[in-house]
Amino acid sequence: MKPRKPSSQEPQKELFRVELIHLIDLEHPLVKLGGVVDWSKFDAAFEPLFDEQTGRPAIPTRLMVGLHYLKHLHGLSDEEVVERWVENPYWQYLCGSKYFEHRFAILLRS
């Protein structure tokens, strides 16, 4: 099943959270990269691979592509890239997070 579109959360739940865009340096290379990549092309390229009738929804395409990019850029394992993602707001921004996440959104199985 293809990834779900992000739902607009109730504004009240996000009252005390600050968006990453207000915490990071907008001149950082990963912020600039995140702004120039046409993420919709990745969505379109992967869409034929999903079956609408079976399976649970996939993780967001931007998260998947961003993690693979960072993994290969830094020569990391799956586990290492996830550990660094949790600590790095620039990595989270590149991968499409709106707010800083203290835990990884999906579980990796060994």
Side-chain angles (χ1 to χ4, degrees):
M1 188 175 280
K2 66 182 180 180
R4 291 184 182 140
K5 298 289 180 195
S7 63
S8 57
Q9 298 215 357
E10 297 175 33
Q12 190 70 19
K13 288 184 178 180
E14 307 304 334
L15 182 61
F16 297 108
R17 295 182 78 184
V18 179
E19 292 182 18
L20 280 174
I21 197 78
H22 300 297
L23 298 173
I24 58 179
D25 176 9
L26 300 179
E27 296 300 313
H28 190 279
L30 290 177
V31 175
K32 289 182 175 183
L33 178 63
V36 298
V37 171
D38 185 356
W39 298 104
S40 64
K41 287 190 177 183
F42 288 104
D43 288 329
F46 286 110
E47 188 170 0
L49 303 174
F50 296 109
D51 180 3
E52 281 299 319
Q53 306 303 317
T54 59
R56 68 181 220 185
I59 64 170
T61 306
R62 182 169 175 172
L63 175 59
M64 180 181 67
V65 172
L67 288 172
H68 278 283
Y69 171 77
L70 293 166
K71 175 183 173 176
H72 292 287
L73 179 68
H74 296 286
L76 302 171
S77 69
D78 292 342
E79 291 79 11
E80 290 170 326
V81 77
V82 169
E83 287 172 9
R84 289 202 193 173
W85 181 92
V86 170
E87 299 172 347
N88 194 319
Y90 293 101
W91 285 28
Q92 291 186 24
Y93 180 81
L94 175 70
C95 294
S97 294
K98 186 173 184 177
Y99 301 100
F100 185 80
E101 301 294 336
H102 297 275
R103 293 187 180 151
F104 193 61
I106 61 171
L107 297 175
L108 296 177
R109 296 186 180 150
S110 40

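Being a predicted model, the structure only gives us computed values, none of them experimental.
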Determine the minimum heavy-atom distance between [X] and [Y], stating which atoms define it.
X	Y	value
Cys95	Leu70	SG-CD1, 4.1 Å
Ala44	Pro48	O-CD, 3.3 Å
Val18	Tyr99	O-CD2, 3.6 Å

Is a donor on one side and an acceptor on the other found under 3.5 Å between the side chain of Trp39 and the backbone of Gly34? yes
Sidechain-backbone polar pair: Arg62 side chain, Leu94 backbone, donor-acceptor under 3.5 Å: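 Looks like yes, one N/O pair under 3.5 Å.
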What is the ring orientation for Tyr90 with His28, classed by angle as parallel under 30°, tilted 30 to 60°, or perpendicular over 60°? parallel
Rounded to the nearest 0.5 Å, what separation is found between the [atom1] atom of [X] and the [atom2] atom of [Y]?
X	Y	atom1	atom2	result
Ser40	Glu47	OG	CD	11.0 Å
Gln92	Glu87	CD	CD	10.0 Å
Leu23	Arg17	CG	CZ	11.0 Å
Tyr93	Asn88	OH	CG	14.0 Å
Leu76	Trp85	CG	CH2	15.0 Å

Should the heavy atoms of other residues, nucleotides or ligands under 6.0 Å from CZ of Phe100 be counted, would the total exceed 12?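 Counting other residues, nucleotides and ligands, CZ of Phe100 exceeds 12 neighbours.
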His68 atom NE2, over 12 foreign heavy atoms within 6.0 Å: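 It does not: His68 NE2 has 12 such atoms or fewer within range.
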What verdict does the side chain to side chain contact (heavy atoms under 4.5 Å, CB included) test give for Met64 and Phe42, after you've listed the backbone C-alpha separation in whole Å, the side-chain angles of each residue and the deciding distance to 0.1 Å? CA-CA 10 Å; Met64 180 181 67; Phe42 288 104; over 6 Å; no
I'd like to check His74 versus Arg84 (side-chain heavy atoms, cut-off strictly below 4.5 Å). Are they in contact? yes
Would you say that Phe104 contacts Leu67 through its side chain, given a criterion of any heavy-atom pair below 4.5 Å between the two side chains?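 The answer is yes; the side chains approach within 4.5 Å.
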Among Ile24, Asp25, Leu30, which residue meets the side chain to side chain contact (heavy atoms under 4.5 Å, CB included) test with Pro89? Ile24
